[in-house]
Protein chains: 2
Amino acid sequence: MATITLTDLAKKARVSLATASRVLSGGPIRCSERTRQRILRTARQLNYVPNFSARTLRTGKSYNIAVIAYDITDAFAVECVRTMEAYLEETPYRATWISCANKTRSRDGRQMLQELALSIDGMIVIAAENYLSDTDLLRFWAAEKKPIVTVIRRLRGDLIPSVRMNNDIGMRRLLDHLIELGHRRIALTYNRYMHPSASQRYRTYRKYVAEHDLPDEKALQLPVDITMEDGYRAGELMLKTKKLPTAVVAFNDLGAFGIIQAFGEEGVRVPQEVSVAGFDDIRMARFYNPSLTSVAADYEKMAKLALDTLLAMIDRPDESAGLAADIIIQPKLVLRNSTGRARV
Amino acid sequence: MATITLTDLAKKARVSLATASRVLSGGPIRCSERTRQRILRTARQLNYVPNFSARTLRTGKSYNIAVIAYDITDAFAVECVRTMEAYLEETPYRATWISCANKTRSRDGRQMLQELALSIDGMIVIAAENYLSDTDLLRFWAAEKKPIVTVIRRLRGDLIPSVRMNNDIGMRRLLDHLIELGHRRIALTYNRYMHPSASQRYRTYRKYVAEHDLPDEKALQLPVDITMEDGYRAGELMLKTKKLPTAVVAFNDLGAFGIIQAFGEEGVRVPQEVSVAGFDDIRMARFYNPSLTSVAADYEKMAKLALDTLLAMIDRPDESAGLAADIIIQPKLVLRNSTGRARV
DNA sequence: CTGTTAGCGCCTTCAA
DNA sequence: TTGAAGGCGCTAACAG
C-alpha cells in the first residue's frame, strides 16, 4: 500500500492539487461547498494523511514543541509531562520529550538546541539548569526567535516567560508546621546546584531560622542532588553527626524517601523520632510508608499554564510580544504521617 | 540570523551543492581529502545544521523512532525509556515518546499510527495492549513495512519480534520463596486485561497452587489495573474478606505499594502479619518501607535488546528479514524486607 | 573527483 | 472559485 499523496487525492477527486491543499490545510476555504465536501470525502475514503516533513519544509512550521526536562525519571517532571501530553491532545501540536540526565550524552546542550531549532515551533524547559545554561537558552532565543517557556526555573534578564512556585511561601508554611509541632532542630537538604528555586528555599530557611532563633549549624544544611540515592546519602551523613535533628526538610519527595530509608535502616523511626517532609507532593507521597508531608506545587496547573503561554506565543506572537509573564503558583502544604510532634 | 542552508555552505566553500551534501551526509565520500576538510571546516564555521524535514522528505528516512508505552508514569516504562534514551545517544536516531493512558485522547490508536508512519523509521511498543490492538499493529506492519519491536507483550502471529521476560520462571521462583517461608495462603493480583504476560503469570500461579495443594479460592485472586491506586483498592478488598492471606503476590511493584499502604492503614503490618512481593524491581522497591521483594525483569537489558533489534531491522533489513526474534529474559528474584516467615 | 539536474510532497502566489 | 507553476532544502542519478 503506497502512501497517498495530495496529488493522488486531487486526481481522484477531480480537482487541482491547489484546491485540495486549500481545503485540507485548514486555511481560509475559498471554494464551493460542494467541491469542499467532495475533497473531504475522498480524503477520508483514501485514508489520506498529510506528509509532515513536506509541510514543515514548505511552511517552516512543524506543530512540534520540545519539552526538555532534567530527568524523565524525576517524578515531578514525569507528572508535568503526563499532564502536558493529555493537554496537547486538544491542540494540533505534538511534543518531543527530551531529558538530559544521561551522563553519556554526547551532544551538548547548545548543539542540541540548534539541531532542534528547525523542527520545533517552541519549547518548554523544566529546570534542567545543569544541562542548558541560561546563556545557551538566551542565545537560542535571540537567534532563532522561537518561543520558550521555563517551568520552575526563571532566567535572568526577564525575557522569557516562566511558571514557577512560590518557594518562599512553601518553605515558610512547612517550617511553621514543624515549629507548631515543637521542632527547633530542623535540618535542610538543598539542591547542590543552587538553582534559583533551590537557593530561594535555602535563603528562606536561613532567614526563618534566624527569625525564630533556631539552631543554625552547617551540619544541619546539606547540599544534595535530586535522586533518592542522594537523599539516602544525606540521611547517612546526618546519622553520623553527634546530634540528630528532630525534623528534616528534604529538597524534594524523592530525597525525603531516601532519608527515611536511611533512618529506618538504623532503627530511627519516622515520625516518632524524626519528622521528615518533602517538596512536590508526587503521587508516591501518599503511598509511602509513612505517608509523606509535602509542599504541593500543583504540577498540573503549572504544566497547563506553561503550555497555554507557549502556544499563545506561537499562535499569536503579536499579542504576547514583550509580555514575558512570570506566573507564580501558590503552593499548599499537604499534611500526612511523616511529620509529628517533636520528642522532648 | 537566518538559517544556514547547504547552498550557503557550498557557495562559501566554493564547491557544488552535491559535493557538500556528499561530505556532510556521511555516505561514501568520493572526493579529495582537501575538499572534504574545507567543507567540514566551513560547516563548523557557519554552524551549519542540516534541515531534517528536507532530508526526510527527500530520503524517506527520518532517523526517528516512536516508543509507545501504556503510561509514561508507569515506573517500568519510565525505566525503559530512560535506558533507551541513553542508548540512543550512541546512534544517529532520535525517539518520540508516546504514552496512551490519557483518557481524553481524541485520536485513536490506528489513526495515530497512520500519522506517525511518515515520520518514523520504526517503533517500539511497550505493553499498551488497551490502546493498540494486535490487529492495529499487524495491519500497520503489513501496510507500512516499518519495523516494530514489542516489549513485554508478544503479538499473536509470530511476525513481530519481541523482548519479554519469562513470567513462568519468575512466578515460580517467587512462590518457591514464599513456600519456603511457610506460606500457604497466598493471594494474587493479576492484570485485569489479561495481557499475555498477565495471563501467563495467572496460569503459572494456578498451576503452582494445584501442584502444591495450596488454597485455590476466588477471594485470593483479584483482577487489578497497574497503578498504585488499584493496588490500594485490592488491599482494601482483601481486608474485607474473612481470612486474610499470609502472603500476596502483586502484579507489579506499584500495586504492591498500594496493597502495603492499605494494610498499613488498618494496622496490618508487612511482613510481620502478611508478606507482599511485586514484579519489576523498580527503583523505588529498594527505598520503600519495607523494602520490597520483587521479581526483577532487568529492564535495562530488555530495553537495549529491543533497541538493538529494531535498529538492526531498520539498518540491515535483509539480514533480519523473517527473523521475528522472540527474546526471553530470565528474571531473578530480589529478596528484601517485605517478605518474611509466615505466622502460624 | 566534482558538478548539473530532477524531484520528494506540500503550500502559495499569480493568473484565469 | 479554481488551476498552473515555483520552490522550501536536500539527496541521488547521471554526466563530465
Side-chain angles (χ1 to χ4, degrees), chain A residues 2-40 42-43 46-64 92 114-121 144, chain B residues 2-40 42-43 46-64 92 114-121 144:
Chain A
T3 317
I4 309 292
T5 71
L6 245 193
T7 317
D8 305 333
L9 191 153
K11 208 171 290 170
K12 181 106 186 211
R14 284 170 295 114
V15 290
S16 80
L17 189 65
T19 309
S21 169
R22 272 191 291 261
V23 168
L24 291 168
S25 61
I29 304 153
R30 315 183 128 280
C31 76
S32 73
E33 185 58 20
R34 258 190 59 234
T35 320
R36 202 177 89 85
Q37 286 305 335
R38 194 167 72 240
I39 290 169
L40 288 178
T42 316
L46 257 48
N47 246 325
Y48 169 74
V49 178
N51 182 317
F52 290 106
S53 299
R55 186 177 278 180
T56 301
L57 178 59
R58 181 61 236 250
T59 62
K61 195 154 170 11
S62 63
Y63 286 97
N64 209 339
Q114 289 208 358
E115 287 179 16
L116 223 49
L118 292 166
S119 53
I120 61 168
D121 296 336
E144 306 290 343
Chain B
T3 318
I4 309 291
T5 72
L6 244 192
T7 318
D8 304 334
L9 191 154
K11 207 172 290 170
K12 181 108 187 209
R14 282 167 299 118
V15 290
S16 79
L17 189 62
T19 308
S21 169
R22 271 192 292 261
V23 167
L24 292 169
S25 61
I29 305 151
R30 312 183 129 281
C31 78
S32 75
E33 185 58 20
R34 258 191 59 234
T35 320
R36 202 177 90 84
Q37 286 305 336
R38 194 168 70 240
I39 291 169
L40 289 177
T42 316
L46 258 48
N47 247 324
Y48 169 73
V49 178
N51 182 318
F52 290 107
S53 299
R55 186 177 277 178
T56 301
L57 178 59
R58 181 61 235 249
T59 60
K61 194 153 170 16
S62 64
Y63 285 97
N64 211 338
Q114 288 207 359
E115 286 178 16
L116 223 49
L118 291 166
S119 53
I120 62 168
D121 297 335
E144 306 289 344

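Chain letters run A, B, ... following the sequence lines, proteins first and then strands; every chain starts at 1.
Taking atom CZ of B:R38 as the reference point, atom C1' of C:dT2 lies 11 Å away to the nearest angstrom. At whole-Å resolution of the value, CG in A:L57 and P in C:dG7 are 17 Å apart. Between A:I4 atom CD1 and C:dC10 atom P there is a gap of 10 Å when expressed in whole angstrom units. Summarising the geometry, the separation between CD1 on B:I39 and C1' on C:dC1 is reported as 11 Å, rounded to the nearest angstrom. Atom CG of B:L6 and atom C1' of C:dG3 are 14 Å apart (whole Å). Regarding A:K11, its NZ atom lies at a distance of 12 Å from the P atom of C:dG9, rounded to whole Å. Atom-to-atom, CG of B:L24 to P of D:dG9 comes out at 16 Å; the value is rounded to the nearest Å.
The distance from the CG atom of A:L40 to the OG1 atom of A:T35 is 10.5 Å, given to the nearest 0.5 Å. For the atom pair B:N47 CG and B:T42 OG1, the distance stands at 12.5 Å (nearest 0.5 Å).
The side chain of B:T56 contributes no N or O atom lying less than 4.0 Å from OP1 or OP2 of C:dC8.
Of the candidates D:dC10, D:dA12, C:dC10, C:dC10 carries the atom nearest the A:R55 side chain, counting heavy atoms from C-beta on.
Of all non-hydrogen atoms in A:L118 and B:P50, the two that sit nearest each other are CD1-O, 3.6 Å. In this structure, B:R14 and B:R38 approach most closely via the heavy-atom pair O-NH2, 3.6 Å.
The number of heavy atoms from other shown groups lying within 6.0 Å of NZ (B:K61) is above 12.
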Anything under 3.5 Å between a protein N or O and an N or O of nucleotides 3-6 of chain D, put it in a table, one pair a line.
residue : atom : partner : partner atom : Å
D:dG3   : OP2  : A:S16   : N            : 2.7
D:dG3   : OP2  : A:S16   : OG           : 3.2
D:dG3   : OP2  : A:T19   : OG1          : 3.0
D:dG3   : N7   : A:R22   : NH2          : 3.3
D:dG3   : O6   : A:R22   : NH1          : 3.2
D:dG6   : N2   : A:R58   : NH1          : 2.5

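B:L57 meets the side chain to side chain contact (heavy atoms under 4.5 Å, CB included) test with A:N51, A:S53, A:A54, A:L57; sequence neighbours excluded.
Taking 4.5 Å as the limit, some side-chain heavy atom of A:T19 sits within range of a side-chain heavy atom of A:I39. Within the 4.5 Å cutoff, side-chain heavy atoms of A:Y48 are placed close to those of A:L24.
A:D121 and A:S62 share a donor-acceptor pair across their side chains, judged by distance under 3.5 Å alone.
If you check residues 46-53 of chain A against DNA chain D, you find no residue with a heavy atom closer than 4.0 Å.
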